[in-house]
Structure formats: structure tokens, C-alpha cells
Number of protein chains: 2
Amino acid sequence: MKRDSRLSGVLHVLLHMAQQPGPFTSETLAKAMDTNPVVIRRIMAGLRELGYVHAEKGHGGGWTLACDLSKVTLRDIYAALGSPSLLAMGNRTEAPGCLVEQAVNAALGQAFGDAEALLLARLGEVTLAMLSEDLRKRIGSRKIHDISAHRA
Amino acid sequence: MKRDSRLSGVLHVLLHMAQQPGPFTSETLAKAMDTNPVVIRRIMAGLRELGYVHAEKGHGGGWTLACDLSKVTLRDIYAALGSPSLLAMGNRTEAPGCLVEQAVNAALGQAFGDAEALLLARLGEVTLAMLSEDLRKRIGSRKIHDISAHRA
DNA sequence: CTTCATGTAACTTCATATGTTACATGATAG
DNA sequence: CTATCATGTAACATATGAAGTTACATGAAG
């Protein structure tokens, strides 16, 4: 099944925005993501409605962060995308009359439910601020690495 | 995203087969599943290759169980289907050069990996025999329920 | 040798993420 | 005021993969 990469994509955008002051146009962000400006507007629409980002039209317009990064988790962002389905597999039929199907659904539903719950919990543990901090560390360590590689 | 229901479907077939002696033709199984015989053959192909089921051609032919149901787990069946992807979401790019993408992938990859591991572990805990036993209980309790409903 | 059943390729259908074009809306610069 | 810039959004195109279907080859039983 084709994998949904909107969460990955929108986080990429947000992290770029957190690295420097805005605003950023959809076109700028689209180039950084190697995609189309309309795709950016589409995945950002839900975040705008929830107040996580702000969009301004006209000259000097574009997208700006409008939330406390330490208060928003990856789960919040996932929800802002409309909570698309997490699992690629599911039961053939929900609420089946057939007892066989009910037995199968019960077993699979348990496993699927547990996995979904864990994934949502994990996403809820990570804030955008934590992601941004991790990114800064990566940038920092790469700079050190580059220096040592070129001058040591 | 369209959900893959092959695991659900093939378990349904196996449980039906476990309820009474075979063999079962693809057409019979397809009717019980309200689908096409070719779909049955397709999802059973992997199980046949791994020896979980046996197929016989010609008059009196069809599918028969060829494994110890207490030794085969839902995870084994999942693997027999070719281990299709479990999650509907994924990273935009694997092995990205961009540090931002790496930071995003690290966070999401952790959450995704944990959820996948849990799901596989859960599937590995359930054997076909356990499923079949659960089904018998459901059949039994429904009979009792029906009797009480009609004659009490 | 006819019938039945599997094995498999090829095609159609359907859902959905993604990409693209087109145009309306609104804000700013001059 | 008007030209330009940027978002908002509808509409359409493309790509992928599961599921359904048709067609036919293969092989076993009567």
C-alpha cells in the first residue's frame, strides 16, 4: 500500500521554520521539500485552522509559527492532518454477522488496537521543541565533525 | 488509504477449514468469503509454499490444512502473505541528506518501529489453535443463547 | 477423454496520496 | 488606484496497490 508521508512532510516544514524567523512562502517551503506549493498549502491547512501556524497574504506574506513549540506534540500535528489511518491493514468487515469473522476480528482488533495506541502514545511524548532541539544538536555535531575533518 | 485485508481474509478461510474436515475448493471458500475463487488462490499461494496448507487438483481436490495449528501463529501467516507493510504512514525519504529530514525520521522512525514491533509481537502470541478454540467457544455460547431465547 | 480443480497471467476497478493547472481573494507597494 | 504577490481552493492528472474478473494452461479423477 502506498504510504502516507504527510506527517513526515509537515514536520519537515515546521522544523525548517523553527530554525529561522519567517515568514516563509509556500513556494520557498516547496523548494526545500522538492514538491509543489499547493501541496504545502494543503498539508498546512489543518494546522492553520488549529492555530499552530499563521498565514498572511500579499507582499511579505507567507507562513509563520504561531504556537509554543514545547506545548505541541507530534500527536497534535497528526490530529491536525485529520488523523489519517495509521495501519495499512484492517479487518475485512467491521461488525460481521459471521462468527468466524468475529473471532478473527477480535484477535486482530486487539493487536491492531494495541499497536495504534502505542504509536499515538509515542507521538504524544515528542514535542516540536524536542525535535527542534535534536535538530540543533545534529547541526552542531556536524559542524564540529566538519571542522575536525578539514583541519585536524 | 485503502486497507489491506488479506490477513483478515486468509485467517477467515483457515478458521473455516479448521471447523470441519476438507478438502475445500476455492469456489466453496470464495462463497463463504463473498469473493472470487482466484482471490482465494492468490492469498493461499504463500501458505501453500510454506507448507501450511496443501492443494490438490482434479475431482475431489481442493485445499486442506497441513500444519499443526498450535504451532503456527498469526505472525507466521502474516509472513506467508509476504510481510506486507503494517503502517499506513512512513517517512518521506529514507536515508536523507537533509539534517532536518534526518531529525524527523529519527523521531518518527522510533515511534513507527515501536508500533510495528508491538504488532508483530502480538501476532506472534496468537496461534491458529487459539483462534479456533475461541471460535468454538463463540459457537457454543451462541447455541446456548439461542436455546434460551427460543425455549426459556 | 471428459470433467473438475488448481496455477497464473492479464486486465479492470477502486481508493487515495501526490502533483499540477487555473483562478478567485486579499494584502502591500508604488 | 492598480499592479504584484501570496494564500485558498477547486478541478484534473498521475501513480500505486488491493481487490475483482476473465481466460487459459496444467494436471488429477472418473
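In the text below, chain A, chain B and the rest are named by the order of the sequence lines, each starting its count at 1. Here the structure is a predicted model, which means the values were calculated and not measured.
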Fill in the blank from the handout: Ranking B:D34 and B:H59 by the position along DNA chain D of their nearest nucleotide, the one closer to 5' is B:D34
Fill in the blank from the handout: In terms of heavy-atom contacts, B:L7 and B:L74 come closest through CD1-O, 4.2 Å
Which side-chain N or O atoms in residues 113-126 of chain A pair as donor and acceptor under 3.5 Å with protein atoms at least two apart or in another chain?
| from | atom 1 | to | atom 2 | distance (Å) |
| --- | --- | --- | --- | --- |
| A:D114 | OD2 | B:R122 | NE | 2.6 |
| A:D114 | OD2 | B:R122 | NH2 | 3.4 |
| A:R122 | NE | B:D114 | OD2 | 2.5 |
| A:R122 | NH2 | B:D114 | OD2 | 3.4 |

Practice task
Using heavy atoms to find the nearest nucleotide of DNA chain D for A:G61 and B:I43 separately, return the residue whose nucleotide is more 5′.
Solution key: A:G61
Exercise for the section: For the residue pair B:I139 and B:Q19, establish whether any side-chain heavy-atom pair is separated by less than 4.5 Å. Expected result: yes
Practice task
Could you pull out all residues at least two apart from A:T28 that satisfy side chain to side chain contact (heavy atoms under 4.5 Å, CB included)?
Solution key: A:T25
Show me, pair by pair, the donor-acceptor contacts under 3.5 angstrom made by side chains of residues 61-73 of chain A, not counting sequence neighbours?
| from | atom 1 | to | atom 2 | distance (Å) |
| --- | --- | --- | --- | --- |
| A:W63 | NE1 | A:S26 | OG | 2.9 |
| A:D68 | OD1 | A:S70 | N | 2.9 |
| A:D68 | OD1 | A:S70 | OG | 2.7 |
| A:D68 | OD2 | A:S70 | OG | 3.4 |
| A:T73 | OG1 | A:R75 | N | 3.3 |
| A:T73 | OG1 | A:D76 | N | 3.2 |
| A:T73 | OG1 | A:D76 | OD2 | 3.2 |

Check: protein-nucleotides 8-11 of chain D nitrogen or oxygen pairs below 3.5 Å:
| from | atom 1 | to | atom 2 | distance (Å) |
| --- | --- | --- | --- | --- |
| D:dG8 | OP1 | A:R48 | NE | 3.4 |
| D:dG8 | OP1 | A:R48 | NH1 | 2.8 |
| D:dG8 | OP2 | A:R48 | NH1 | 2.7 |
| D:dT9 | OP2 | A:R48 | NH2 | 3.3 |

Handout entry: A:N91 side-chain N/O to B:S8 backbone N/O, donor-acceptor pair under 3.5 Å
Key = no
Practice task
Considering just the side-chain nitrogens and oxygens of B:S5, establish if one lies under 4.0 Å of OP1 or OP2 belonging to D:dA19.
Solution key: yes
Practice task
Heavy atoms only: give me the nearest B:A103-A:R138 pair and the separation to one decimal.
Solution key: CA-NE, 3.6 Å
Exercise for the section: Figure out the CG/P separation between B:N91 and C:dA17, and round it to whole Å. Expected result: 17 Å
Exercise for the section: State whether A:R6 places a side-chain N or O below 4.0 Å from either non-bridging phosphate oxygen (OP1 or OP2) of C:dT18. Expected result: yes
Using atom types as modelled, flag every donor-acceptor pair under 3.5 Å from a side chain in residues 45-59 of chain B to any protein atom, sequence neighbours excluded.
| from | atom 1 | to | atom 2 | distance (Å) |
| --- | --- | --- | --- | --- |
| B:H54 | NE2 | B:E56 | OE1 | 2.8 |

Practice task
Check whether any side-chain nitrogen or oxygen of B:T35 sits under 4.0 Å from OP1 or OP2 of D:dA19, and answer yes or no.
Solution key: no
Fill in the blank from the handout: Scanning both residues in full, the closest heavy-atom pair of B:R3 with A:M89 reads NE-O, 3.6 Å
Exercise for the section: Round to the nearest Å and state the distance from B:M89 atom CE to D:dT16 atom C1'. Expected result: 17 Å
Exercise for the section: Look at the side-chain N and O atoms of A:S26 and state whether any lies under 4.0 Å from the OP1 or OP2 oxygen of D:dT7. Expected result: yes
Fill in the blank from the handout: Taken to the nearest whole Å, CE/A:M44 to P/C:dT18 is 15 Å
Exercise for the section: Give, ordered by number, those residues of residues 7-20 of chain B having at least one heavy-atom distance below 4.0 Å to an atom of DNA chain C; if nothing qualifies, reply none. Expected result: none
Practice task
Starting from P on C:dT6, measure out to CG on B:N36 and report it in whole angstrom.
Solution key: 12 Å
Practice task
Give the rounded distance in Å between these two atoms: CG of A:D4 and P of D:dA18.
Solution key: 16 Å
Problem - Residue whose closest nucleotide on DNA chain C lies nearer the 5' end, B:R92 versus B:G62 - result: B:G62
Exercise for the section: Grab the CD1-P distance between B:I40 and D:dT21 for me, whole Å please. Expected result: 12 Å
